[in-house]
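Quick notes on the structure that follows.
What you see is a predicted model; the values in this text were computed from it and never measured.
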Amino acid sequence: MTPNEFRKIALSVPEVTAATRLGNEEFHVHAMPIARLGSPDPMLAVIMLSLRSQAAFVAEAPMAFSPVAGGPGARGATRVRLASAEEDLVRRALEAASRHATAPVRLGKLPFSRV
């Protein structure tokens, strides 16, 4: 998979928008980041998953998916090696990230609220 293919898949997920932050292309749903492309390598992406989803994708395709090292990985940040990733898995991972990011909105709570 190429970075352009990743970008195309990400933008095909409902309600996803693209933005540039600190020189990296990010993909958001309702202003919540769900993925980042090209950091630190143009052939890498990071997808923000729930821990359960992260474990499932890493188990299914360990050559393509791995937790980001340290704290971010322990919170669901999942590295994607684009050269090893299959389109269907990336699409499923991005859809899972979108659902995870919008869960508080669907439950009637704003992200980061104290409610």
Side-chain angles (χ1 to χ4, degrees):
M1 168 174 297
T2 67
N4 283 336
E5 290 169 329
F6 182 91
R7 183 178 298 106
K8 183 178 177 180
I9 294 167
L11 291 173
S12 74
V13 175
E15 302 186 61
V16 169
T17 59
T20 301
R21 182 172 178 261
L22 301 174
N24 296 309
E25 190 168 10
E26 289 189 350
F27 301 93
H28 299 161
V29 174
H30 300 290
M32 296 291 294
I34 64 163
R36 183 176 64 239
L37 182 59
S39 177
D41 179 320
M43 289 303 293
L44 293 177
V46 174
I47 300 177
M48 296 303 300
L49 297 167
S50 68
L51 293 178
R52 182 180 297 193
S53 292
Q54 180 187 64
F57 283 103
V58 170
E60 187 169 350
M63 296 300 291
F65 294 89
S66 62
V68 170
R75 291 187 300 276
T78 308
R79 179 165 288 126
V80 182
R81 289 174 202 81
L82 299 180
S84 301
E86 294 181 15
E87 181 178 329
D88 179 58
L89 282 176
V90 169
R91 182 178 312 283
R92 286 179 25 221
L94 287 164
E95 289 169 351
S98 175
R99 285 190 305 276
H100 180 65
T102 59
V105 174
R106 288 192 316 269
L107 295 173
K109 296 179 183 177
L110 295 175
F112 310 113
S113 70
R114 294 178 186 246
V115 177

Would you name the heavy atoms of [X] and [Y] that are closest together and state the gap between them?
{"X": "Gly38", "Y": "Asn24", "value": "O-OD1, 3.9 Å"}
{"X": "Ile9", "Y": "Glu87", "value": "CD1-CG, 3.3 Å"}
{"X": "Ala96", "Y": "Phe57", "value": "CB-CE1, 4.4 Å"}
{"X": "Val58", "Y": "Ser66", "value": "CG2-CA, 3.9 Å"}
{"X": "Glu5", "Y": "Met1", "value": "OE1-CA, 3.1 Å"}
{"X": "Pro72", "Y": "Ala69", "value": "CD-O, 3.7 Å"}

Partners meeting side-chain hydrogen bond (donor to acceptor under 3.5 Å, both in side chains) with [X] (sequence neighbours left out):
{"X": "Arg7", "answer": "Asn4, Glu25"}
{"X": "Thr17", "answer": "none"}
{"X": "Ser84", "answer": "none"}
{"X": "Glu86", "answer": "none"}

Handout entry: Positive for side chain to side chain contact (heavy atoms under 4.5 Å, CB included) with Met43, one of Leu82, Val80, Thr2
Key = Leu82
Is a side-chain N or O of [X] found less than 3.5 angstrom from the main chain of [Y], in a donor-acceptor match?
{"X": "Gln54", "Y": "Gly73", "value": "yes"}
{"X": "Ser12", "Y": "Ala10", "value": "no"}
{"X": "Thr102", "Y": "Ser98", "value": "yes"}

Hydrophobic cluster membership, [X] vs [Y], 4.5 Å side-chain cutoff:
{"X": "Leu37", "Y": "Met48", "answer": "no"}
{"X": "Val46", "Y": "Leu49", "answer": "no"}
{"X": "Leu89", "Y": "Leu94", "answer": "yes"}
{"X": "Ile34", "Y": "Leu44", "answer": "no"}
{"X": "Phe27", "Y": "Met32", "answer": "no"}

Indicate yes or no: at least one non-hydrogen side-chain atom of [X] is less than 4.5 angstrom from one of [Y].
{"X": "Phe6", "Y": "Ile47", "value": "yes"}
{"X": "Ser53", "Y": "His100", "value": "no"}
{"X": "Arg81", "Y": "Met63", "value": "no"}

Problem - Carboxylate-amine/guanidinium proximity below 4.0 Å for Glu95 and Arg91 - result: no
Practice task
Hydrophobic side-chain clustering at under 4.5 Å (ILVMFWY, transitive links): who's grouped with Leu22? Put none if nobody.
Solution key: none
Exercise for the section: May I have all residue pairs that pass salt bridge (Lys or Arg N to Asp or Glu O under 4.0 Å) and include part of residues 37-63, sequence neighbours excluded? Expected result: Glu60-Arg92
